[in-house]
Novice: 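Here it is: the structure, laid out below.
Letters go in sequence order (proteins before strands), and every chain restarts at 1.
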Amino acid sequence: QKEVEQDPGPLSVPEGAIVSLNCTYSNSAFQYFMWYRQYSRKGPELLMYTYSSGNKEDGRFTAQVDKSSKYISLFIRDSQPSDSATYLCAIRLGAAGNKLTFGGGTRVLVKP
Amino acid sequence: GAVVSQHPSWVICKSGTSVKIECRSLDFQATTMFWYRQFPKQSLMLMATSNEGSKATYEQGVEKDKFLINHASLTLSTLTVTSAHPEDSSFYICSATLPERGPTGEQYFGPGTRLTVT
């Protein structure tokens, strides 16, 4: 079993729809949860960062963490064609210098 | 802020030669940098963790003699692929943390280097 599972997609939605992404993880010791966006042949860009269970909102993006279920989600409201990318969840134990464990990434396509 | 650059962005080399990739934190000092490789349509695979002034910590299965990492300063880490072979062709990405932000320490990624070995 992989430490972090993520549906590879592709996930195709019409422009303006809500994009719903999620990951599950196996190690309850993970403490920090991140979502990255990666365009083709580019480095990942940090979108959202959460520490505790609950919701965090930033503009059109909402991240949710449910530690009891070991489940994290990212929602993108009013999706735009420019949101078409691969979205990667990443999880980390403890301190800042610790490595990230990535999900496999979900490819999202927002159609105009 | 928190900009990480990589050079070159794309390199083609012949089998058997070595190639060096640079990773720089442009506007902050990074005590820890990470090196990843990514195959097409796959996620990032951590190769090694690099701390300034000390030897890199390699992930299981990564050949330390083949992938030489040098973190000589707080703003520069280099990855040298020695005796490259076609199977080393991949997208190599570095990242750096901002430890001064406390325990959060988000990782910021460079734009990546595409290596093609012919």
Novice: How about B:Q107 and A:M34: do any of their side-chain heavy atoms sit closer than 4.5 Å?
Specialist: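 The answer is no; the side chains never approach within 4.5 Å.
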Novice: Quick check on A:L88 against chain B: is it the side chain, the backbone, both or neither that has a heavy atom closer than 4.5 Å?
Specialist: side chain
Novice: Please state whether the side chain, the backbone, both or neither of A:R107 comes within less than 4.5 Å of a heavy atom of chain B.
Specialist: neither
Novice: Flag yes if more than 12 heavy atoms outside B:H85 fall under 6.0 Å of its NE2 atom; otherwise flag no.
Specialist: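 Enclosed.
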Novice: Has the side chain of B:S43 got a donor or acceptor atom that lies under 3.5 Å from a matching backbone atom of A:G103?
Specialist: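 Between the backbone of A:G103 and the side chain of B:S43 there is a qualifying donor-acceptor contact (under 3.5 Å).
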Novice: Using a 6.0 Å cut-off, check whether atom NZ of A:K67 has over 12 heavy atoms from anything other than its own residue.
Specialist: yes
Novice: Are there over 12 heavy-atom neighbours, none belonging to B:K66, within less than 6.0 Å of that residue's NZ?
Specialist: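 Count over threshold, so yes.
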Novice: Give the member of A:P44, A:G104, A:G105, A:G43 that has the highest number of heavy-atom pairs under 4.5 Å with chain B.
Specialist: A:P44
Novice: Checking A:Y36 against chain B: side chain, backbone, both or neither under 4.5 Å from a heavy atom?
Specialist: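 Just the side chain, heavy atoms under 4.5 Å.
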Novice: Tell me, side chain or backbone of B:Q6 under 4.5 Å from chain A's heavy atoms, or both, or neither?
Specialist: neither
Novice: Under 4.5 Å between side-chain heavy atoms, hopping through other hydrophobics if needed: is there a path connecting B:I69 to B:V62?
Specialist: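 Linked, B:I69 and B:V62 end up in one cluster.
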Novice: Please tell me whether B:V4 and B:L115 are part of a single hydrophobic cluster in this structure, the criterion being side-chain heavy atoms less than 4.5 Å apart.
Specialist: no
Novice: Would the number of heavy atoms belonging to other residues, nucleotides or ligands and lying under 6.0 Å from CD1 of B:I12 be above 12?
Specialist: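 Enclosed: over 12 neighbouring heavy atoms sit under 6.0 Å from CD1 of B:I12.
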Novice: Tell me, for A:Q38 versus chain B, whether the close heavy atoms (under 4.5 Å) come from the side chain, the backbone, both or neither.
Specialist: side chain
Novice: Does A:L11 share a hydrophobic cluster with A:L47, counting links as ILVMFWY side-chain heavy atoms below 4.5 Å and allowing steps through other members?
Specialist: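 The answer is yes; both residues are in one hydrophobic cluster.
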Novice: How long is the gap from CH2 on B:W10 to CZ on A:R41, to the nearest 0.5 Å?
Specialist: 7.0 Å
